[in-house]
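Quick note on labels: first sequence line is chain A, next is B, and so on, each numbered from 1. Hydrogens, waters and symmetry mates play no part in the numbers below; they use all other heavy atoms, side chains included. From a predicted model like this one, the values you see are computed outputs, not experimental measurements.
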Amino acid sequence: MQEVTATSRHYVDRLFHPDPQKVLQGVIDMKNAVIGNNKQKANLIVLGAVPRLLYLLQQGLSSSELRTECVVVLGSLAMGTENNIKSLVDCHIIPALLQGLVCPDLVFIEACLRCLRTVFISPVTPVQLLYTDPTVIPHLMSLLSRSPRTQDYITQIFSHCCKSPEHQTVLFNHGAIQNIAPMLISLSYKVRMQALKCFSVLAYENTQVSMTLVNVLVDGDLLSQVFVRMLQRNLPIEMQLTAAKCLTYMCRAGAIRTDDRCIVLKTLPCLVRMCSKERLLEERVEGAETLAYLMEPDVELQRIASVTDHLVAMLADYFKYPSSVSAITDIKRLDHDLKHAHELRQAAFKLYASLGSNDEDIRKKITETENMMDRIVSGLSESSIKVRLAAVRCLHSLSRSVQQLRTSFHDHAVWKPLMKLLQNAPDEVLVMASSTLCNLLLEFSPSKEPILESGVVELLCSLTQSDSPALRVNGIWALMNMAFQADQKVKGEIVRALGTEQLFRLLSDPDTNVLMKTLGLLRNLLSTRPHIDQIMSSHGKQIMQAVTLILEGEHSIEVKEQTLCILANIADGNTAKELIMTNDDILQKIKYYMGHSNAKLQLAATFCISNLIWNEEGSCQERQDKLRELGFVDILHKLTQALDPNLCERAKTAMQHYLA
Amino acid sequence: MDAMAELGAGSLLLGDPAFNYQEAELNERLKRLYPAVNEDETPLPRSWSPKDKYSYIGLSQNNLRVHYKGHGKNHKDAASVRATHPIPAACGIYYFEVKIVSKGLDFLSSLLPLSPIPGWDKHSYGYHGDDGHSFCSSGTGQPYGPTFTTGDVIGCCVNLINNTCFYTKNGISLGVAFTDLPPNLYPTVGLQTPGEIVDANFGQQPFVFDIEDYMSEWRAKIHGMIARFPIGERLGEWQAVLQNMVSTYLVHHGYCATATAFARATETLIQEDQTSIKNRQRIQKLVLAGRVGEAIEATQQLYPGLLEHNPNLLFMLKCRQFVEMVNGTDSEVRCFSIRSPKSQDSYPGSPSLSPRHGATNPNLHSAGADSPTCSNGVTPPNKNKSHNKYPGVSSASSSSSSSPSSVNYSESNSTDSTKSQPHSGTSNQEETSDSEMEIEAEHYTNGVAENPSARIMNGTYKHQEILQAQDISLEDSCASRQLCGGNQAATERMIQFGRELQGLNEQLCREYGKNVTHKKMLQDAFSLLAYSDPWNCPVGQQLDPMQRENICSALNSAILESQNLPKQPPLMLALGQATECVQLMARVRSGSCSFARVDNFLH
C-alpha cells in the first residue's frame with residue numbers, strides 16, 4: 001500500500017514540474033495509469049490531484065493539448081466509484097468544465113462534455129448544478145450542432161438532469177425540441193437513441209412539450225411518424241421501448257388521440273410485446289408500467305390490450321421470479337431475479353389495475369387468472385412498499401366490480417390483509433386501501449359484516465382527522481357506506497366513535513367532497529323513524545345549527561340539496577319534526593328554497609314540507625295550520641303547475657294531504 | 001394446378017383493367033412477402049378453390065368472396081372451403097385475412113384441410129367467431145380470443161419456423177393459438193348460417209395487420225442466430241478453414257500473385273505449384289480474350305491428352321472458336337486481318353475472371369462451377385513489388401469501387417510478342433507468365449491514371465493489350481463490325497473451319513451417339529453466317545464476350561481435374577451447398593429458410 005501511494009505521489013508531483021512539457025507528459029502518464037484502476041484513482045484523489053488538474057485546466061497559459069489531457073484524466077477519475085464523483089463535485093469540477101465549453105477547440109469541448117456527462121449521469125450529482133448558471137443551457141444548445149459527439153453527450157446530460165416540470169420548461173424554453181429533433185435522423189445510432197431518450201424525458205406528463213412535439217417536422221415527416229418508425233420490430237428493443245414511451249406521453253398529454261392508429265396498432269402492441277417472456281426483466285417492467293400509464297384513462301385501449309397477445313395471462317408470469325429452477329442452478333441468475341422480483345410484481349399489479357379499471361369482463365378475466373387473488377392478498381403484505389401500493393391499486397380497481405365483491409373478494413377474505421395494511425402505512429397506500437375499503441363496505445358486499453366486526457369504525461374515524469383531504473374523504477365515505485341501512489347499534493357506534501364535535505368539524509371542511517360525504521353520512525344515519533328520533537333527541541340542537549349554517553353559507557347546489565334532504569329526513573321523524581316546526585328560521589329557509597330557480601332544490605324543499613304535513617296521526621292538523629299561515633299552501637299550489645314533472649307530482653301529493 | 005386452371009376461368013375478366021391491376025398488385029405483394037417461395041414448385045394460395053368446397057358454399061368475386069347457401073339448422077349444415085393451395089413452407093411466415101362482410105348467427109374461421117367445421121375435424125384448426133374459442137382437431141374449444149362479427153377483419157398468421165399460429169382481429173395480434181402445427185395447411189373458412197358472407201385477402205390488398213413488421217423481427221432473429229452461431233473452442237480451426245477457402249479460390253482462378261501474397265501473409269501452403277497456376281491462368285486469358293484456337297493449342301501442349309479425353313469439351317471449345325472467328329478475334333482469322341476490330345475486344349459489363357455476385361447469377365448450384373460468385377470479396381494487394389506491405393488480404397472488404405477485382409491480362413502471349421502499346425506504355429513487359437506485380441502495375445497506369453473507366457470495366461484495356469491491336473486509333477472503336485474482321489482470306493479460313501467442325505460433330509456422333517446439345521450449339525454457331533450483321537441478329541448473343549466465361553471455367557475445371565485437383569474451389573462448393581441447403585430446407589418444410597437466404601449474406 002505504501003508503495004502504491006508512493007507511485008501515486010510521484011504522478012501528482014509531476015503535475016507541479018516547472019517545465020510545461022514535463023507536466024504534459026506527467027498528465028499523459030497519469031492518464032495511462034488510472035485507466036480501469038479504481039485504487040489508483042482513489043489514491044490520486046486523496047493525494048490532491050484534482051485541484052491541480054483543475055488549476056492546469058483553467059490556467060490560461062496551459063497549451064490546449066495539456067488542458068484536453070487534464071480533462072481526460074478527470075473524466076477517467078469520474079468513471080470510478082461514486083465517492084470519486086463526490087470528490088470531483090466537491091472540488092467544483094462542474095463550473096470549471098462548463099467554463100471550458102466556451103473554448104473554441106472542438107476536441108477540448110468534447111472532452112469536457114464527456115466528463116460532464118459522466119459526472120451528471122451519476123445519481124450522487126445534484127442535477128441543479130446544471131441550471132445554476134442561466135447561460136449554460138443556451139450554450140449547450142448551441143454546441144449541439146458541433147459534432148455527433150457533442151450531440152451524444154449533451155442529450156445524455158439533458159436526459160439525466162431533467163427531473164421536474166421546471167427542468168422540462170427550462171429546456172423547452174431554450175429550444176430543446178427544435179435543436180434535438182434533427183438528431184432523430186442522425187446517421188449515428190447512438191445519437192438517434194440519446195435524442196429519443198431526451199424526448200421521452202421532456203414529454204413525460206408535460207402538455208406543453210407534447211403539444212409542440214406533435215407538430216414538429218423532421219425531414220418532412222411528422223415527429224410521431226418518426227417515432228412510429230422507431231417501433232419497428234427489427235430495431236433494438238431499447239429504441240422500440242423508448243419510442244413507445246414518447247408516443248405514450250404524447251397521447252396522455254392529449255397531443256395524440258387514443259384512437260389514433262399509431263397508438264392502437266403500433267404503440268400499444270409494441271408495449272405488449274415488451275411484456276413478453278422473451279424480453280429482459282428490466283424491459284418487461286418498463287413495458288408494463290408504460291402500458292399501464294397509456295391506457296389508464298381509456299376503456300377502449302384497455303379492451304384492446306386485454307385481448308392482445310394473451311396479455312392478461314402473460315402478466316401472470318411476472319410473479320414467478322425468482323423461479324425455482326434458477327435458485328438451484330445459477331446463483332447469479334437468482335441474484336438477478338431477486339433484484340427484479342419486486343419490480344416485476346409491482347409492474348404487473350399496476351398493469352392489472354389499469355386493465356381492470358373500467359370493464360367488467362376484463363376484471364373477470366383478471367380474477368380468473370391463475371392464483372390472482374392469492375397473489376394480490378400476499379402482495380398486500382409484502383415488505384416492499386411499492387409492491388403493496390401496486391397490489392392495493394389492483395385490488396381497488398377490481399373492487400369496482402359488484403360481482404367480484406360478491407364472489408372472489410369474499411372467498412379470499414381480502415378484507416383481512418387490507419385491514420392490516422390500514423393499520424400502519426404511508427399515506428399513498430392508505431388512500432388506496434381506504435378507498436378500496438369504501439367499496440368493500442357497500443351494502444351488498446358480503447365482506448361488510450366481518451369488517452364491521454373487526455372494529456373498523458375507530459380506524460375510519462381516525463382517518464377523518466387526517467391532514468390529507470383524500471384520506472378524510474375516504475374515511476367519511478366508508479362511514480357513510482357503513483351507515484347505509486345499518487342497524488341502530490352500528491349507527492350508534494359511528495356517532496359515538498366519531499363524536500359530534502368531529503362530525504361538525506367535517507361539516508365545515510374546506511374540501512367539498514368531505515362535506516358531501518359527511519352530509520351523506522348524516523342522511524344515512526337519519527333514516528327510519530326510530531333512528532331519526534333517537535339521534536335528533538340527543539344531537540338535535542347541533543344538527544339543526546349545522547344545517548342552518550350550511551344553508552346560509554356559500555355552497556354548491558349539490559351540498560344544499562343534500563342538506564335539504566337531511567331536513568326532509570328529520571321531518572320524517574315523529575318527535576324530530578318539532579325541531580323544524582319550532583324553528584321559524586328554518587321554515588323560512590325551506591320556503592325560500594321551494595321558490596328557488598333550481599328544480600332539484602325546490603324538489604328537496606318540497607319533500608321536506610311534504611313530510612311535515614304528512615297526515616298520519618292526529619297531530620298533523622296543528623302543523624298544517626301553521627304552514628298555511630306561513631304561506632306554504634300558496635307555494636305548493638304554484639308548484640303543482642311546475643314544469644318539472646317530479647316537482648309537480650310531489651307538490652300535488654302534498655296538497656292531497658292537506659285536503660285529507 | 002387444377003385449381004389454378006379453374007381460377008384461370010377468370011380469363012373472362014382478363015380484359016378488365018381493374019382486375020389486371022389487382023392481379024399485378026397481388027403478384028408484387030406476394031413476391032415481396034414470400035421471396036423464397038418458388039411458385040413453380042409450390043404455388044401460393046391466391047383464392048378459394050371452387051373444387052375443394054362443400055356444396056353449401058358459394059363463391060364469387062374471383063373466388064375471393066364466400067357466402068353460405070345452406071339451411072344452417074345445426075352443425076351438420078356447416079360448410080367450408082379451402083384455398084387452392086397449401087401454404088408453402090418457404091414462406092417462413094404466412095398470412096391472410098378474412099373480412100366479415102355479413103354475419104349470420106355465428107361465424108367460424110379456420111385453417112386447414114377441408115372439414116365440415118374448420119377446427120372440428122382431425123388435423124384442422126380454427127378460431128370461431130361466435131364464442132371466440134379456438135378449436136384444434138376436436139369439437140370442443142378452448143377459450144382463446146374475443147368474439148367477432150360483421151365488419152371485423154380476422155387474420156391468420158402461420159409461422160412455419162416454429163410451427164405456431166396466431167390470429168389477429170382488426171390488426172391486433174391475439175397471441176399464439178396453436179403450437180406444433182403439421183405441415184401443408186390450407187387456408188380454410190367455414191360458415192354455417194344463411195346470410196354469412198366473408199371476403200378473403202390473400203394479398204390482393206394491403207393487410208390490416210402489419211405482417212411485414214412481424215416478418216422483419218423474425219428475419220432479424222434468424223440473421224442474429226446465424227451471426228452468433230457459436231464456434232467456441234474451434235475458433236482457430238475456423239480461421240484455418242476460411243483462409244484455405246480464400247487461398248484455394250484465388251488459386252483456382254489463377255490469381256497467382258494475390259494467392260502467393262495471401263499464402264505468405266497467412267502462412268498457409270498452396271497445393272498447386274506456381275507454374276501450373278500460371279499455365280491455367282494463361283489459358284483462361286486466351287479464352288476470355290476470344291483467342292480460343294490458341295487456348296486449345298496451349299492446352300494440348302501443356303496438358304497432352306486432356307482434350308482427347310474430353311471430346312465434349314473440345315467440341316465446345318471448337319464451337320466457341322468458330323464463333324470467335326466470326327467475331328474476328330480468334331488468331332486464326334486475326335492473322336489475316338490488318339485491322340483488329342477492337343470493339344469486340346472491349347469487354348463491357350462483367351469482368352471475365354472476376355465472377356459476379358449471386359444475385360445476378362441464377363444458375364448457382366453445387367454441381368456447377370460455371371459461374372462462380374463472390375469473388376469481389378477478394379482484394380488483390382494494391383501495390384507493386386513488395387507484398388509484405390499489405391500482409392493481411394482481407395476477404396471481407398468488398399466495396400466495388402475500392403477493390404479492384406480486376407483480372408490481370410497483362411501477361412503477354414508468346415504468339416503476339418509485340419508489346420509496346422502507345423496508350424498503355426507503362427504496361428509491364430519485362431515479365432510474362434510469372435510476373436508477380438502485373439496486376440498492380442497495370443492498374444495504376446491504365447486503370448487509374450490514363451483510363452479511369454477501365455477500372456470499372458475491369459479488363460477492357462487489357463484485352464486490347466493482349467490482342468496487340470495493330471490499329472490503335474481510338475476514334476474508330478465503333479467502326480462497323482465485319483465478319484472475320486472483313487478479311488476475305490479469314491472468311492475462307494472460317495468456312496473451312498466450319499466444315500472441320502461439322503466433321504468433328506459427325507465423328508463424335510459416330511463414336512458416342514447423337515448429342516442434342518452439340519447439334520444445337522453447332523446450329524446456333526452456323527446461324528450467325530445467315531445474317532448480314534451477326535452482331536444484331538437473333539443468335540447474336542453468342543458473340544458477346546461474356547459468353548466466353550462458361551467455356552473458360554469449364555476448361556479450367558477440366559484442367560484442374562486432370563491434375564487431381566478439385567475442379568471447383570471449396571468456397572464455391574460451400575456457397576453452392578448453402579444455397580442448396582436453403583432450398584432443401586424449403587422442401588423439408590423448415591420455414592426459417594425464407595429468412596436465411598444466401599443472397600442476404602453476399603454484399
Side-chain angles (χ1 to χ4, degrees), chain A residues 225 228-241 243-244 258-279 291 295 299-317 355 359 361-362 364-366 368-370, chain B residues 92-93 95 97 127-129 131-134 142-149 152-155 157 159 161-162 164-179 206-228 594-596 600:
Chain A
Q225 292 169 309
V228 167
R229 275 206 299 275
M230 291 177 158
L231 296 177
Q232 273 173 29
R233 294 187 185 209
N234 53 346
L235 295 175
I237 296 299
E238 183 191 32
M239 181 167 269
Q240 294 184 42
L241 185 53
T258 52
D259 60 357
D260 192 294
R261 283 175 63 86
C262 79
I263 296 296
V264 176
L265 292 181
K266 291 290 174 189
T267 310
L268 185 144
C270 172
L271 288 171
V272 173
R273 286 202 300 280
M274 295 302 138
C275 299
S276 99
K277 228 175 174 170
E278 287 171 45
R279 302 276 69 87
L291 181 56
M295 65 190 179
V299 65
E300 204 41 52
L301 289 181
Q302 289 158 12
R303 290 200 182 110
I304 292 168
S306 75
V307 299
T308 304
D309 284 338
H310 308 300
L311 175 65
V312 175
M314 203 193 298
L315 282 177
D317 193 71
L355 272 170
D359 187 288
D361 286 341
I362 301 176
K364 186 161 176 281
K365 210 167 161 181
I366 293 171
E368 282 167 1
T369 310
E370 51 169 316
Chain B
I93 283 163
Y95 186 71
E97 281 179 351
Y127 165 34
H128 293 191
D131 55 7
H133 285 186
S134 64
Q142 289 282 320
Y144 168 66
T147 59
F148 50 89
T149 182
D152 285 333
V153 175
I154 303 302
C157 176
N159 183 329
I161 301 162
N162 60 10
T164 60
C165 150
F166 68 85
Y167 292 91
T168 66
K169 179 182 170 183
N170 301 325
I172 295 287
S173 160
L174 304 177
V176 171
F178 310 108
T179 56
F207 292 118
V208 179
F209 177 72
D210 192 345
I211 187 64
E212 283 169 75
D213 194 26
Y214 179 73
M215 286 173 156
S216 78
E217 184 181 0
W218 276 88
R219 192 171 297 120
K221 253 185 216 175
I222 286 171
H223 283 196
M225 219 148 82
I226 294 169
R228 288 190 299 270
S594 66
F595 299 131
N600 296 340

Open item on the list: A quick test of your reading: do over 12 heavy atoms of other residues, nucleotides or ligands sit less than 6.0 Å from NZ of B:K221?
Closed with: yes
Open item on the list: Nearest 0.5 Å, please: how far is CG in A:D309 from OG1 in B:T168?
Closed with: 10.5 Å
- [ ] Could you tell me the separation between the CG atom of A:L268 and the CD1 atom of B:I172, rounded to the nearest 0.5 Å?
- [x] 6.0 Å
Please classify the contact between [X] and chain A as side chain, backbone, both or neither, with a heavy-atom cut-off of under 4.5 Å.
X	result
B:K169	neither
B:D210	side chain
B:F209	side chain

Task: Leading residue by heavy atom contact count with chain B [cutoff under 4.5 Å; candidates A:R273, A:M314, A:R303, A:Q232] - done: A:Q232
Quick check for you: among [options], which has the greatest number of heavy-atom pairs under 4.5 Å with chain A?
options	result
B:P146, B:A220, B:S173	B:S173
B:E217, B:R219, B:H223	B:E217
B:N170, B:V176, B:D213	B:D213
B:P143, B:G132, B:S216	B:S216

Task: Contacting region of A:Q240 [heavy-atom separation from chain B under 4.5 Å] - done: neither
